[in-house]
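In what follows, a structure is listed as structure tokens, so that the remarks can point back to it.
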Amino acid sequence: MSSSSKLYQSASKAARSLLSAVSQAQRSSSSSVLTAEGRNAALATLTNLGRKTLPTVYSYHKAGGSHRHAHGWGWLAAVPAAVYMLQDQEAHAAEMERTFIAIKPDGVQRGLISEIVSRFERKGYKLVAIKLIVPSKEFAQKHYHDLKDRPFFNGLCDFLSSGPVLAMVWEGEGVIKYGRKLIGATDPQKSEPGTIRGDLAVVVGRNIIHGSDGPETAKDEIALWFEPKELVSYTSNTEKWIYGVN
């Protein structure tokens with residue numbers, strides 16, 4: 001193995017240790033200081049790598065404490081640009097979301113399943129759960145529980161339970177918020193052309209699709225419609241082309 005390869009391997013290992021230390025430090029009261037120390041170490045290393053020299057150790061000691069009793073952490077400075085790639089990957093993983101999307105009975109009956117699914121796929125989102133189900137009215141009432149005091153609640157539940165519903169969970173960065181943009185406004189006549197409702201629906205009572213409107217709603221709706229074992233976690237071969245860092 002060449003010396004550069006050995007350096008990269010060693011530095012990558014140090015980078016992962018650094019990220020692990022930062023993660024643990026974030027649970028302590030001095031996390032912001034420690035995180036800053038780690039970033040400073042990485043910045044200094046990148047600068048020195050350009051000169052082919054490496055600093056040795058960055059240390060932090062809690063203010064007001066003696067050397068013997070202070071809380072100290074040593075930061076390995078042999079961290080190449082890979083540390084930033086790893087940090088980006090960690091941040092990317094944290095931003096991944098899952099949202100609940102359902103094609104209502106009118107969308108299913110009109111043969112719009114492939115059209116709607118393809119729009120989410122073309123955007124780059126990943127399908128992690130899907131099933132066709134005819135919900136009972138009681139189930140529909142649970143789904144629309146937040147609208148139980150509205151005058152249209154009963155009719156809404158009757159409609160959702162009137163035929164097959166294609167229930168899905170989609171995963172991706174920002175999928176909850178942008179999924180709503182793909183769907184369009186609740187009233188199709190107020191939806192922009194290019195959105196699902198704007199292109200494919202006419203009246204609000206038959207707006208063909210439902211999407212979670214926020215993180216908590218998405219969590220609750222996914223739990224209502226799917227058991228944990230029905231959610232599939234996997235890496236798509238296209239992800240490097242969607243989220244890859246150059």
Using the rule given for side chain to side chain contact (heavy atoms under 4.5 Å, CB included), can you reason through Val165 versus Leu160, listing the C-alpha separation, both sets of side-chain angles and the distance that settles it, and then say yes or no? CA-CA 8 Å; Val165 173; Leu160 189 66; 4.0 Å; yes

Centroid-centroid distance, Tyr125 to Trp170, less than 6.0 Å: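 Distance test on ring centres: not under 6.0 Å, no.
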
Report yes if some heavy atom in the side chain of [X] is under 4.5 Å from a heavy atom in the side chain of [Y]; otherwise report no.
X	Y	answer
Gln109	Pro164	yes
Lys137	Asp158	yes
Phe120	Leu127	no
Thr99	Lys177	no
Phe159	Arg206	yes
Val117	Met168	yes

Ion pair Lys126/Glu239, N-O distance below 4.0 Å: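 Salt bridge between Lys126 and Glu239, a charged N being under 4.0 Å from a carboxylate O: yes.
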
Is it true that Arg119 and Glu115 make a salt bridge, defined as a side-chain N closer than 4.0 Å to a carboxylate O?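 Salt bridge between Arg119 and Glu115, a charged N being under 4.0 Å from a carboxylate O: yes.
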
For the hydrophobic clusters of this structure (ILVMFWY residues joined by side-chain heavy atoms under 4.5 Å, transitively), does one cluster hold both Tyr178 and Ile209?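 Shared cluster, yes.
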
Report yes or no: do Leu132 and Trp225 belong to one cluster of Ile/Leu/Val/Met/Phe/Trp/Tyr joined by side chain heavy-atom distances under 4.5 Å?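 Unlinked, Leu132 and Trp225 end up in two clusters.
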
In terms of the angle between their ring planes, are His210 and Phe100 parallel, tilted or perpendicular, with boundaries placed at 30° and 60°?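 Plane angle between 30° and 60°, so tilted.
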
Taking side chain to side chain contact (heavy atoms under 4.5 Å, CB included) as the criterion, tell me which of Ile183, Val169, Ile196 meets it with Ile101.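 Exactly one option meets the side chain to side chain contact (heavy atoms under 4.5 Å, CB included) with Ile101, and it is Ile183.
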
Above 12 or not: heavy atoms from other molecules or residues under 6.0 Å from CZ of Phe139?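 Enclosed: over 12 neighbouring heavy atoms sit under 6.0 Å from CZ of Phe139.
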
More than 12 heavy atoms from other groups under 6.0 Å of CD on Glu192: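 Not buried by this count: 12 neighbours or fewer within 6.0 Å.
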
The criterion is salt bridge (charged side-chain N to carboxylate O under 4.0 Å, His left out); which residues satisfy it with Asp146, sequence neighbours excluded?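 Not a single residue meets the salt bridge (charged side-chain N to carboxylate O under 4.0 Å, His left out) criterion with Asp146.
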
Please name the pair of heavy atoms, one in Leu112 and one in Ile208, separated by the smallest distance, quoted to 0.1 Å.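 Closest heavy-atom pair between Leu112 and Ile208: CD1-CD1, 4.0 Å.
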
Any idea which heavy atoms bring Leu231 and Ala129 closest together, and the distance?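 Of all heavy-atom pairs spanning Leu231 and Ala129, the closest is CD2-CB, 3.6 Å.
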
Is it possible for you to check whether Lys131 lies under 6.0 Å from the centre of the six-membered ring of Phe226, through NZ or CZ, and within 45° of that ring's axis?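 Here Lys131 passes the 6.0 Å and 45° test against Phe226.
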
